[in-house]
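Below, chain A is the first sequence line, B the second, and so on; all start at residue 1.
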Amino acid sequence: MASHPTQAQQQILTLLALVPCGKVVSYGQLADLAGLPGRARLVGSTLRTQNTEQLPWHRVVAADGRLGLPKGSPGWLEQRQRLLAEGVLFKGDPLTGDKVPMAKYQWQPDLAAMLMLFER
DNA sequence: ATGCTGACTACTG
DNA sequence: CCAGTAGCCAGCA
């Protein structure tokens with residue numbers, strides 16, 4: 001079972017819930033927004049170990065647009081399918097392309113709103 | 001405690 | 001484009 005999330009992981013999950021349909025965010029960007037610069041791997045680790053059933057986990061991709069899971073794996077296929085279903089198209093042929101054009105789909109959160117969330 | 005792995009990423013050659 | 005490297009550090013044996 002998933003262990004209790006640390007506060008850092010909780011912030012990551014809270015932010016993830018805000019990523020809108022049709023947009024993606026990179027592991028590193030999510031870490032930055034959560035006030036955890038340089039900790040992209042914590043985002044990956046969190047998605048791997050926590051329960052993401054009610055969260056848009058499929059909107060988290062690598063900084064270069066590829067998906068984090070091993071190409072061709074069940075998880076990779078599902079993430080890709082979910083993204084396509086919400087209009088996120090891949091570079092080149094939708095059937096063979098394996099990268100999301102980040103410039104086009106990356107989430108641009110409202111900075112003021114982010115500060116409201118984590119100000120102390 | 002110690003060591004390794006991994007849904008990371010920027011940098012170098 | 002590919003390979004290696006350096007930071008990163010939670011989770012697990």
Closest to side chain of A:K99, choosing from C:dA10, C:dC1, B:dT9 = C:dC1

A:D98 CG to B:dA7 P, straight-line distance once rounded to whole Å | 17 Å

Would you check if A:V88 and A:K23 make a side-chain contact, meaning some heavy-atom pair closer than 4.5 Å?
-> no

Regarding the side chain of A:L42, the nearest nucleotide among B:dA10, B:dA7, C:dA10 is C:dA10

Distance, rounded to the nearest Å, where A:R82 contributes CZ and B:dA7 contributes P = 18 Å

Whole-Å gap separating C1' (B:dA7) and CG (A:L77) | 15 Å

Kindly give the atom pairs (protein nitrogen or oxygen, nucleotide nitrogen or oxygen) under 3.5 Å for nucleotides 3-6 of chain B.
residue: B:dG6; atom: N9; partner: A:R41; partner atom: NH2; Å: 2.8
residue: B:dG6; atom: N7; partner: A:R41; partner atom: NH2; Å: 3.0
residue: B:dG6; atom: N3; partner: A:R41; partner atom: NH2; Å: 3.2

Minimum side-chain heavy-atom gap A:R59-A:W107 below 4.5 Å = no

Residues in side chain to side chain contact (heavy atoms under 4.5 Å, CB included) contact with A:L84, at least two apart in sequence or another chain = A:R80, A:L89, A:F90

Does OP1 or OP2 of C:dA10 have a side-chain N or O of A:Q50 closer than 4.0 Å?
-> no

Any A:P109 side-chain heavy atom under 4.5 Å of A:Q29 side chain | yes

B:dA7 and C:dG7: how far apart are their P atoms, nearest whole angstrom?
-> 23 Å

With a 4.0 Å cut-off on heavy atoms, is A:W76 in touch with a base, just the backbone sugar-phosphate, or nothing at all?
-> nothing

Rounded to whole Å, CG of A:D64 lies from P of B:dC8 at a distance of 11 Å

Non-hydrogen side-chain atoms of A:L16 and A:L47 separated by less than 4.5 Å = yes

Nearest-angstrom distance from the residue atom CD of A:Q11 to P of C:dA10 | 14 Å

Starting at atom CG of A:D32, determine the distance to atom C1' of B:dC8, rounded to an integer number of angstrom.
-> 12 Å

Does the side chain of A:I12 come within less than 4.5 Å of A:L33's, by heavy atoms?
-> no

Identify whether any heavy atom of A:S26 sits under 4.0 Å from a base atom; if not, whether one sits that close to sugar-phosphate; answer base, sugar-phosphate or nothing.
-> sugar-phosphate

Is any side-chain nitrogen or oxygen of A:R39 closer than 4.0 Å to OP1 or OP2 of C:dG7?
-> no

Here the distance between atom P of B:dC8 and atom OH of A:Y27, to the nearest Å, is 6 Å

Find the distance A:Q9:CD to C:dC8:P and express it as a whole number of Å.
-> 18 Å

Can you pull the salt bridge (Lys or Arg N to Asp or Glu O under 4.0 Å) pairs that have at least one residue in residues 24-53 of chain A, sequence neighbours excluded?
-> none

